[in-house]
Amino acid sequence: MHQRGYTLRKNRPFVKNAPKGRRTHATNTLSDAFHNWFYAGWVVSEKANIPPKAIRGQWKPVVSTEEYERGVEILQRRSSKRHPKRKHFYLLKKIIHVQIGEKVQRLSGSTPNVSRNTGGNRYCCLPRSDVNISCALVDEQIPACLKAIHVQAEHVDLLRQVYLEELDDFHVPPDELQRLQRQLEKIKQEETRSLRLYAVGKVSEDVWAEMWNEWQGRSSAIHQQIALLEQTKDVMISNLDEALQIFAQLSQLYATLSPDEQQLMLSLLIEKVIVDSRGTILRVQLHPPFAYLTSKYDVLKKRLTSKLNQSATHNVGGASEENCSEYIQLGESNGHQD
């Protein structure tokens, strides 16, 4: 491709000579190209069930189909014979966000100065801005976050009772599933219309990628809602018991895990860690059912405290009608750490 005169988008060459004569290659860009049929001139869409080599695009391909398939074959053969070594580790990968004003944006990892003896300093960065937050500063606050959502072992049975009482009164509106199915159908129709424009070259690759990510996000959220509505009571109780077991051992378990296991645990438990521009964690948004259980636990502890002040009784009443919160507030206002 370099010999044929192709360059990157900003006219940088695919191959360049370093000052000491060493040739460097744009390997990341080539790897992306050899995993995207667009560069071979084909329209591909998993959502619309369009397989490779079914619809030819109305643009000039960068490589031929034969060259593309040969490149994929080479990459697959090399991948099967080696174990890629990860350069940098980010504990909160894909879940750390920054709040600037009213806007919340996801941060990405960056490690400059990798040539230093320490391997460089890891940062959480907001692209095209001056927001650069030390990963170590945020990571050291995670144990306190987990402690804030820890459930004491003696309260597990009481929390389960509150949940079951609410579950008995829970009824899915008869038209809710139909409404969600209609939303999915509208997204599919919108995608099909745009795909036709993309196939004839009226929609650029960047615009298509942005639209695709938006459709995937909306569809995923709706599928999750449908799955929750279709769950049986037994399944919901089983999920509750598993969540409670995790909650009861959260702080102790986290300290015993390897960094990779800690990262996996946090990704399953936490949807978003939201920090300010200085790196202080403002709040943590949990995945269901952890968000629901945390809000119920806060209500339960208040009721237990109130009852202990009134009389020495162990009876817990019905469930609260307060709205559930999916956030764990942190900082000075946090008064529920155990």
Side-chain angles (χ1 to χ4, degrees), residues 1 6-10 14 26-65 67-69 71-72 75-76 79 84 90 92-98 103-110 124-129 177 179-229 267-268 270-274 285 287-288:
M1 294 177 68
Y6 286 106
T7 63
L8 300 175
R9 290 184 179 180
K10 295 185 178 180
F14 276 102
T27 53
N28 290 340
T29 302
L30 289 174
S31 178
D32 291 341
F34 278 118
H35 286 85
N36 189 342
W37 283 91
F38 170 88
Y39 294 101
W42 296 100
V43 177
V44 176
S45 173
E46 294 182 4
K47 188 70 175 180
N49 295 322
I50 300 179
K53 299 192 290 186
I55 299 179
R56 172 66 74 175
Q58 302 299 315
W59 59 85
K60 181 180 178 181
V62 177
V63 295
S64 68
T65 301
E67 290 171 328
Y68 176 87
E69 292 178 330
V72 171
L75 291 177
Q76 290 177 344
S79 297
Y90 302 100
L92 303 179
K93 182 179 180 181
K94 296 185 179 181
I95 65 175
I96 184 169
H97 294 67
V98 64
K103 193 171 184 180
V104 175
Q105 297 174 275
R106 192 170 79 177
L107 298 174
S108 58
S110 176
C124 301
C125 308
L126 186 63
R128 297 179 294 278
S129 78
L177 286 175
R179 183 184 69 83
L180 293 175
Q181 293 289 356
R182 287 196 297 270
Q183 289 184 0
L184 281 177
E185 185 61 28
K186 288 177 64 176
I187 293 174
K188 185 175 181 180
Q189 293 175 358
E190 181 181 346
E191 182 181 354
T192 301
R193 289 194 298 268
S194 300
L195 182 61
R196 296 193 184 100
L197 297 176
Y198 175 65
V200 298
K202 293 185 178 181
V203 175
S204 68
E205 180 188 359
D206 291 339
V207 172
W208 171 259
E210 182 177 349
M211 295 168 64
W212 170 262
N213 290 332
E214 179 184 350
W215 290 322
Q216 292 299 302
R218 289 162 56 190
S219 298
S220 177
I222 294 175
H223 280 299
Q224 289 181 6
Q225 295 180 51
I226 292 176
L228 288 174
L229 292 177
S267 67
L268 295 175
I270 299 173
E271 182 176 355
K272 292 181 181 179
V273 174
I274 302 175
Q285 183 176 345
H287 287 298

Considering all heavy atoms of both residues, which atom of Arg56 and which atom of Ala40 are nearest to each other, and what is their separation?
NH1-O, 2.9 Å
Which heavy atom in Ser129 sits nearest to a heavy atom in Leu126, and how many Å separate them?
OG-O, 2.7 Å
When rounded to the nearest 0.5 Å, the distance separating CD1 of Ile222 from CG of Leu184 is 4.5 Å
Over 60° means perpendicular and under 30° means parallel, so classify the ring planes of Trp59 and Tyr198, tilted if in between.
tilted
Would a distance-only check, ignoring hydrogens and angles, find a side-chain to backbone donor-acceptor pair under 3.5 Å from Thr192 to Lys188?
yes
Please give me the minimum heavy-atom distance between Ile96 and Cys124, naming the atom from each residue.
CD1-SG, 3.7 Å
Arg106 CZ to Lys93 NZ distance, which is reported to the nearest 0.5 Å
9.5 Å
What is the minimum heavy-atom distance between Cys125 and Ser110, and which atoms define it?
SG-CB, 3.7 Å
Distance, nearest 0.5 Å, that separates OG of Ser194 from NZ of Lys202
12.5 Å
Rounded to the nearest 0.5 Å, what separates atom CD in Gln216 from atom CD1 in Ile187?
9.5 Å
Short N-O contact, Glu214 and Arg218, less than 4.0 angstrom
yes
Minimum heavy-atom separation for Ser45 to Leu195, with atom names?
CB-CD2, 4.2 Å
Are Trp37 and Thr65 packed together at the side-chain level, in the sense that at least one heavy-atom pair is separated by less than 4.5 angstrom?
yes
Give the C-alpha distance, both sets of side-chain angles, the deciding distance and a yes or no for side chain to side chain contact (heavy atoms under 4.5 Å, CB included) between Gln181 and Glu185.
CA-CA 6 Å; Gln181 293 289 356; Glu185 185 61 28; over 6 Å; no
Ignoring hydrogens and geometry, is there a side-chain-to-backbone donor-acceptor pair from His287 to Ile270 under 3.5 Å?
yes
Using a 4.5 Å cut-off on heavy atoms from C-beta on, say whether the side chain of Glu191 contacts that of Ser219.
no
Between Lys53 and Trp42 the two heavy atoms that sit nearest each other are CA-CE3, 3.4 Å
